[in-house]
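Encoded as structure tokens, the structure appears first; notes follow it.
Reminder, nothing fancy here: chain letters follow the sequence lines and each chain counts from 1.
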Protein chains: 2
Amino acid sequence: MARSNRERTDATRTALLDAARRLFVEKGYAETATPDIVAAAGVTRGALYHHFPDKKTLFWAVVEREAGEVAADIEARSAEASSAREALLQGACAYFDAMAAPGRTRLLLKEAPAQTVVDSGNGEDPAESSLKVGLSHLLEGAALLPLLDPLTVLVSAAFERAAIAIDCGGNRKNYEAAIAALIDGLRPDELRR
Amino acid sequence: MARSNRERTDATRTALLDAARRLFVEKGYAETATPDIVAAAGVTRGALYHHFPDKKTLFWAVVEREAGEVAADIEARSAEASSAREALLQGACAYFDAMAAPGRTRLLLKEAPAQTVVDSGNGEDPAESSLKVGLSHLLEGAALLPLLDPLTVLVSAAFERAAIAIDCGGNRKNYEAAIAALIDGLRPDELRR
DNA sequence: TACGGATACATTCAGTCTGTATGTAAATTT
DNA sequence: AAATTTACATACAGACTGAATGTATCCGTA
């Protein structure tokens, strides 16, 4: 069976990414050895180190692929909402839906943060920046607007922790309600209730 | 120089804990090798594996010692507050003060979570349970009271993320204000402003 | 279409790390 | 004072990562 180089590369890379994803989700990054990954992918370590400079780079390739799928999932659901509040709540729902795909929470919210280097300001979480847009509309002209950046960071942390809690068996409805309560609390007084 | 066994053990254990803490903070758990730790502590790996069954256990001993110091720091500052709101804000300030000790944020909020096993419900974060008490007073008789547990989890996540952001050079005043805004948002309407 | 290089691996190897097993001197117990 | 336990130090085995090297296949070119 003759395959073009492009086909071979694509097949091998996705086999490695798929196998690595499975094992990273199952056992975590540190507990997953490259011999196990290549065995699961049906190739040798030579192939792995041909396509990726090291284990970390393979890991980040897995994470970025997954993050891209999450972004696509959410993008596809960017329905126009009637209000800033509705937009944020819809966004929350889409986010929780996207993170419900098996292994995503473990991969994106546990393993990936564990491997990020500590000091360097890590670049641009897309989920966080879209949250920031939503919050900026909610706070338009309000006294809290100068706190937009830190509030975005904190609410983003709440989102992520909610996703983790749901992934660990927590009641999704309750966490969605709690998120809604946090967001409603930030609304300017004149708009409440 | 004759030392009792107790003295020898204490000296060696604290030397190991101190050296390990320094290196774990500097380079993280995975990048810190036991040969480096024992070299920094002035002992051999035999001593390490005599006192701790493995590297992970040493790590958790470091983390628990640090967590104990944080708890003590905060405990010492448990001033009576005039209101539930004030108590929470004072608690936030005490928490940020405690986490300002060099390396604590990295150790307790980055390295430790990275090493926690995924599934098992990890037991009782003391900071979180005291936060829960504070929130329960704030929400006394309010419509949000049924959401106390999830709200505690989310607000706790916000606290931790704020500490991380401050540790990374973020403006503490801004994050304190953002935390205050989140908490104020949860207060029953009749108490606002 | 024959050839020279590039590509995509497979295999071997060196260095490092973890945990264990064994040896020993000092302290403690009897 | 002898026996035993404690607190280590040293030696060792297994595993893993990344680099070096070898090889078959593909691909552009003449």
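Atom NE2 of H50(B) is separated from atom P of dT22(C) by 17 Å (rounded to the nearest Å). The interatomic distance linking L58(B) (CG) with dT18(C) (P) rounds to 11 Å, in whole Å. Between the CZ atom of F52(A) and the P atom of dA8(C) there is a distance of 12 Å, rounded to whole Å.
Within the structure, ring pair (Phe, Tyr, Trp, His ring centres under 6.0 Å) pairs that include any residue of residues 6-32 of chain B comprise F24(B)-Y29(B), F24(B)-F59(B), Y29(B)-F59(B) (at least two apart or interchain). Screening residues 80-94 of chain B for side-chain hydrogen bond (donor to acceptor under 3.5 Å, both in side chains) gives R85(B)-D184(B) as the qualifying pairs, with residues at least two apart or on separate chains. Within the structure, every pair that satisfies the side-chain hydrogen bond (donor to acceptor under 3.5 Å, both in side chains) test and touches residues 46-62 of chain A, not counting sequence neighbours, is listed here: D54(A)-T57(A).
Residues satisfying the salt bridge (charged side-chain N to carboxylate O under 4.0 Å, His left out) test with R8(B), not counting sequence neighbours, are none. In this structure, the side-chain contact (heavy atoms from CB on, under 4.5 Å) partners of A178(B), at least two apart in sequence or on a different chain, are P150(A), L151(A), L154(A). Evaluation of the side-chain contact (heavy atoms from CB on, under 4.5 Å) rule for P35(A) yields A33(A), R45(A) as partners, not counting sequence neighbours. Annotation: side-chain hydrogen bond (donor to acceptor under 3.5 Å, both in side chains) contacts of R104(B) (sequence neighbours excluded): E66(B), E69(B), D73(B). Not counting sequence neighbours, the partners of D149(A) by the side-chain contact (heavy atoms from CB on, under 4.5 Å) test are K132(A). A41(A) pairs by the side-chain contact (heavy atoms from CB on, under 4.5 Å) definition with A15(A), L16(A), A19(A), V43(A), not counting sequence neighbours.
Contact check of residues 13-29 of chain B against DNA chain D (heavy atom, cut-off under 4.0 Å) returns no residues at all.
Checked for salt-bridge contact, D18(B) and R13(B) miss the test: no charged N lies under 4.0 Å from a carboxylate O.
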**Asked** For every nucleotide of nucleotides 9-20 of chain D, 5' to 3': is a protein heavy atom under 4.0 Å from its base (B), only from its sugar-phosphate (S), or from neither (-)?
**Response** BB-----SBB--
Contacts under 3.5 Å, N or O only, protein and nucleotides 28-30 of chain C:
from: dT28(C); atom 1: OP1; to: N5(B); atom 2: N; distance (Å): 3.2

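For the pair H51(B) and dA7(D), the criterion of a side-chain N or O lying under 4.0 Å from OP1 or OP2 is not met.
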